[in-house]
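A short worksheet on the structure shown next.
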Amino acid sequence: MMLIHSTSEFIAWRKSVANQTVAFVPTMGALHSGHHSLIAHAAQQCHLVVVSIFVNAMQFGDADDFNTYPRSEQSDYLASVTAGANVVFAPHQQEIFPADFDRYLTPSSLANDYEGKHRPGHFAGVVTVVNRLFDIVQPDVVIFGAKDYQQVAVIRAMSDELHPTIRIVTLETVRDTDGLALSSRNTRLNTASRLQAQVIPRTLQAIATLHAQGETRSHVLKSEGLKILELVPNILVEYLEIVQQDTLNTVDEARNAVVLFAGVLDGVRLIDNLLLQ
Ligand code: PAF
């Protein structure tokens, strides 16, 4: 088990295991049991598992959000190893973005709406850092959680173009017993807002139930969802949209669709989604 901070040291290690397959779990640290299950799954996929911990300033619009993002390298290292990681790569800023770095990427059009609209520049930062990490780690398989639905779609598009041999695997969102999707940001919710946040999975579940009962009109599903969210006036809804699973275009009829949600509760931005099967 190794904790590596330097890119050159990591590349030397990767060369030394060139004949072994590597499953990769990229993270920004503050690991929770959702991450642990990604790592445990990774360990079943390949000979070796690499977890990266890098809080990528380029994908944060707001300096405060970046500065207050929870950081816990030592406990993240231990948790990663316990879950099955062989190497934790926790590079410093200049290791990933040295002064002469110039491989900035533009994300595909899948990045245009939803998160892309509400967080301008976010996905450019994500694809730029993930491409850089893929170049360094040279993984065979990369594992993501489905909570960041649009992020996975945007990364998959980048990877299919620039890293066609990498297999991207998405695992179902891990939820707490109250239904709230696990997120590093949940630790910022106080007891009251934590209770109020339960309206998010409740809304998604209510939409899925209506859909399962045969209601496929998106505008009906959406307005029923918004009625439930309105019960918690503290939540500032950024979007609640019913979109096609592959194209992320909004649809009139919800078939092969996914509900995407983002909102802010007491200053904490939360996202979630649920597939409508
Ligand atoms: O989802 C995350 O934690 C980050 O966006 C990622 C994929 C590690 C890129 O910084």
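Here the structure is a predicted model, which is why all the values come from computation and not from measurement. Whatever order the structure lists them in is the order used to number ligands and atoms, beginning at 1. Scope of the values below: all heavy atoms of this structure, side chains included, with no hydrogens, waters or symmetry mates.
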* Please name all residues satisfying ring pair (Phe, Tyr, Trp, His ring centres under 6.0 Å) with His163, sequence neighbours left out, ordered by chain then number. => Phe134
* Can a salt bridge be assigned to the pair Arg185 and Asp65 using a cut-off of 4.0 Å between side-chain N and carboxylate O? -> yes
* Below 4.0 angstrom, N of the basic side chain to O of the carboxylate: do Arg269 and Glu115 qualify? -> yes
Pairs of nitrogen or oxygen atoms, one from ligand 1 and one from the protein, closer than 3.5 Å: please tabulate them with distances.
from: ligand 1; atom 1: 1 (O); to: Gln151; atom 2: NE2; distance (Å): 2.8
from: ligand 1; atom 1: 5 (O); to: Gln59; atom 2: NE2; distance (Å): 2.8
from: ligand 1; atom 1: 5 (O); to: Gln151; atom 2: OE1; distance (Å): 2.7
from: ligand 1; atom 1: 10 (O); to: Gln59; atom 2: OE1; distance (Å): 2.6

* **ILVMFWY cluster membership beyond Met28 - transitive side-chain contacts under 4.5 angstrom** => Val55, Phe60, Phe66, Tyr69
* Quick one: list whatever passes ring pair (Phe, Tyr, Trp, His ring centres under 6.0 Å) with His47, sequence neighbours left out. => none
* Asked: Is it true that Glu215 and Arg217 make a salt bridge, defined as a side-chain N closer than 4.0 Å to a carboxylate O?
  -> yes
